[in-house]
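Letters A, B, ... mirror the listed sequences (proteins, then strands); counts begin at 1. Because only heavy atoms are used, hydrogens play no part in the values below, and waters and symmetry mates are left out as well, while side chains stay in.
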2 protein chains.
Amino acid sequence: MKNPTIEGVIIQPLKIIADELGVVLHMLRNDDPVFEKFGEVYFSEIKPGSVKAWKRNKNQTQNLAVPSGEIDLVIYDDRQDSTTRDSLFNCTLGRPDHYSLIRIPPLLWYGFRGRGDAPSLIANCSSQPHDHATSEKIHPESDLIPYTWPT
Amino acid sequence: MKNPTIEGVIIQPLKIIADELGVVLHMLRNDDPVFEKFGEVYFSEIKPGSVKAWKRNKNQTQNLAVPSGEIDLVIYDDRQDSTTRDSLFNCTLGRPDHYSLIRIPPLLWYGFRGRGDAPSLIANCSSQPHDHATSEKIHPESDLIPYTWPT
């Protein structure tokens, strides 16, 4: 796991509690320093090799974890006043070796690609409920972002 | 899906949004009438045929959904002042046919059993962060609860 190189992005390892009946996986508590406000919790499944990108939201902070499977996550910063403007960040999230929480502040572009040979599940505990009016989406191969997704 | 027969328990169907890259699964928003307060979101995996039971919490409301796999959930009411005291409720939760949110208020005993042939994932978005001091657990075969888990 690389250290975040994008202003406002935080990654923190999450606990997996062993249990012979099935593990328990932490994600986010209201007393965690990374927690701001609860807007919505929902899941996005991604098929192996498929790419969901690029997305950004004007207002929402996204808090992502991957409790099932594994993904490659890429973040791109084109915020005008950011100290890390034009930076790309990528990491692997998921189980068993990369079970972490990643906080993505508003206005960053992000996308992810499913790894492995089964669908992966991304949980998002965002600071505001989803609102089409504040969400944007561009094509994964858009020239606006200097990253090429593997095929 | 049976209708809840236990005071304070609510089940509501959740949306699965089709997408050829992988579905999106709703769980809980802060403007949903069932939402009280955000305490914690975490996951519990359960192996096929395994039983995690019985648990109850003095203060927490549990909001459960099963975004991966399928479980049988059983709830038992021994609350002294409940209009449904001594009632048992059971239902199947999970995908593809039973993707619902279930709200379990404090002081109810509950437990679940994994179905299918792979581990299932239970998400809990509870009203308070987990606290050992307010949590209780008794053996799945305890005589205190008139329910026998299948073996």
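When each of Ser44(B), Pro67(B), Ser50(B), Gly114(B) is checked for heavy-atom pairs under 4.5 Å with chain A, Pro67(B) comes out on top. Interface check for chain B: of the options Val23(A), Asp31(A), Val24(A), Ile46(A), the most heavy-atom pairs under 4.5 Å are formed by Val23(A). If you tally non-hydrogen atom pairs under 4.5 Å between each of His26(A), Met27(A), Arg29(A), His130(A) and chain B, the highest count goes to Arg29(A).
Within the model, atoms CG of Asp78(A) and OG1 of Thr84(A) stand 10.5 Å from one another, a figure rounded to the nearest 0.5 Å.
With a 6.0 Å radius and a threshold of 12 heavy atoms from other residues, nucleotides or ligands, Glu141(A) has its CD atom at or below the threshold.
Of the charged side-chain nitrogens involved, none lies within less than 4.0 Å of a carboxylate oxygen, so that Lys47(A) and Glu20(B) do not count as a salt-bridged pair. We find that Asp72(A) and Arg115(A) are joined by a salt bridge, their nearest charged nitrogen and carboxylate oxygen being less than 4.0 Å apart.
At a 4.5 Å heavy-atom cutoff, the contact between Leu28(A) and chain B is made by backbone and side-chain atoms alike. For Leu121(B), the part lying near chain A is the side chain, with the backbone staying farther off; criterion is any non-hydrogen pair under 4.5 Å. In this structure, chain A has no heavy atom under 4.5 Å from any part of Arg113(B).
By the 30° and 60° cut-offs, the orientation of the rings of Trp54(A) relative to Trp149(A) is tilted.
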